[in-house]
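Below is one structure, written out as structure tokens; the observations come after it.
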Amino acid sequence: MATDPMDAAKEAIRLWTGVACPNAAAARAMEDFPALIREFEAVRGTIVFEDEPSTFEAALRAEKEPGT
């Protein structure tokens, strides 16, 4: 049985904060979540952590002042 994930999200917010979906603006903001979830689902399995430091981190290490 499929359920609306937004109902679950609203319930989780209520349980964690004690605040029910407080107003129309909050309800409108919740409308963006299904699209965001779909976007994350679309890239699931394609994003991996690098096995070595990123280029930025390597550059920071290379420029680190001696003795720090």
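The first residue of the sequence shown is numbered 1, and numbering continues consecutively from there.
Both Leu36 and Ile13 are assigned to one and the same hydrophobic cluster, defined by single-linkage of ILVMFWY side chains at heavy-atom distances under 4.5 Å.
Between Arg28 and Glu31 a salt bridge is recorded (basic side-chain N to carboxylate O distance below 4.0 Å).
Residues Glu11 and Leu15 have side chains in contact (heavy-atom distance under 4.5 Å, counting atoms from C-beta outward).
Open room surrounds CD on Glu63; 12 or fewer heavy atoms of other groups in view lie less than 6.0 Å from it.
In terms of heavy-atom proximity, Ala9 sits nearest to Met30 at CB-CE, 3.6 Å.
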